[in-house]
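Report on one structure; see the data block that follows.
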Amino acid sequence: MKTASWILWVGILIAIFFLGRCSKKCAAVETIQVKTVTETRVDTVTIVEPVETVRTEIRRETIAAPADTVYLPGDTVRIEVPIETKEYRDTLYALQIEGYRPRLNWVEVYPRTEYVYRTETKTINTPARRWALGPAVAYGYDLKNNHWAPFVGVSLNYALVSW
């Protein structure tokens with residue numbers, strides 16, 4: 001009778017072991033989310049007295065100017081005035097002005113810079129531990145004395161189902 005009960009217990013343990021191996025593997029899933037943040041910065045670049053690159057005389061216009069410091073009617077002189085265009089170029093700006101003695105005092109340009117910050121998503125599947133060693137307080141059947149008794153001690157556990 002004793003060997004039959006031992007065989008029964010060993011059979012139950014083997015069945016529990018294989019039942020746990022055939023059950024669905026539980027895995028701890030850790031997910032990291034993706035965040036994309038786009039930041040647009042507008043920088044102010046001030047260019048004082050930019051360098052002239054092209055000067056072209058377009059035409060000449062004749063204007064009437066007073067001949068003397070005292071203005072008298074009919075006392076005028078005809079003067080030819082050059083009308084010019086000027087171009088200013090750089091890697092940050094380009095502009096053109098036109099007129100008599102044109103001069104550009106300053107230019108402000110506002111280049112836009114986009115900064116993209118990105119966080120990636122990763123899903124990590126780590127298999128859950130099925131075996132565990134830890135303290136146990138239980139009530140069970142004592143095979144040595146053939147009766148039910150409480151048990152306090154250390155146990156080796158195998159998890160059949162996890163959640």
Side-chain angles (χ1 to χ4, degrees), residues 1-59 83-163:
M1 182 71 173
K2 250 186 172 181
T3 55
S5 66
W6 275 103
I7 292 173
L8 178 66
W9 281 109
V10 170
I12 289 172
L13 289 175
I14 291 173
I16 288 172
F17 177 76
F18 282 112
L19 192 78
R21 295 301 264 172
C22 295
S23 69
K24 180 182 174 186
K25 296 240 182 207
C26 56
V29 177
E30 180 182 334
T31 303
I32 302 169
Q33 294 181 351
V34 170
K35 284 187 176 179
T36 302
V37 177
T38 303
E39 180 182 332
T40 303
R41 291 187 186 167
V42 178
D43 300 324
T44 302
V45 179
T46 303
I47 301 161
V48 180
E49 295 186 16
V51 179
E52 174 186 317
T53 56
V54 177
R55 174 187 260 173
T56 307
E57 185 177 314
I58 299 174
R59 64 185 181 276
I83 305 298
E84 302 174 332
T85 63
K86 289 185 180 181
E87 287 186 18
Y88 296 86
R89 289 189 186 274
D90 195 356
T91 56
L92 298 174
Y93 66 90
L95 59 103
Q96 182 182 45
I97 56 173
E98 180 180 306
Y100 171 67
R101 285 178 146 179
R103 182 171 178 223
L104 181 63
N105 295 328
W106 56 268
V107 175
E108 282 187 1
V109 286
Y110 307 103
R112 297 184 186 278
T113 307
E114 287 192 4
Y115 300 95
V116 178
Y117 305 103
R118 186 166 180 227
T119 306
E120 295 182 10
T121 296
K122 292 183 181 178
T123 303
I124 302 168
N125 294 327
T126 55
R129 294 188 217 156
R130 291 197 174 260
W131 290 98
L133 180 67
V137 176
Y139 192 80
Y141 189 74
D142 185 4
L143 295 175
K144 185 177 181 184
N145 297 326
N146 290 332
H147 71 282
W148 291 89
F151 168 77
V152 176
V154 178
S155 70
L156 177 66
N157 300 319
Y158 183 81
L160 294 176
V161 180
S162 297
W163 57 85

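- The nearest pair of heavy atoms linking Ile97 to Tyr88 is CD1-CE1, 4.0 Å.
- One finds the CD atom of Gln96 at 12.5 Å from the NZ atom of Lys86 (value rounded to the nearest 0.5 Å).
- Leu13 CG to Leu8 CG: the interatomic distance, rounded to the nearest 0.5 Å, is 9.5 Å.
- Summarising the geometry, atom OH belonging to Tyr100 is positioned 9.0 Å from atom CD1 belonging to Ile83; distances are rounded to the nearest 0.5 Å.
- Side-chain contact between Tyr141 and Asn146 is present, with at least one heavy-atom pair separated by less than 4.5 Å.
- Between Trp9 and Leu143, the shortest heavy-atom contact is NE1-CD2, 3.6 Å.
- Relative ring orientation between Trp148 and Tyr139 is described as parallel, the plane-to-plane angle staying below 30° on a 0-90° scale split at 30° and 60°.
- Within the model, atoms OG1 of Thr85 and CD of Glu98 stand 6.5 Å from one another, a figure rounded to the nearest 0.5 Å.
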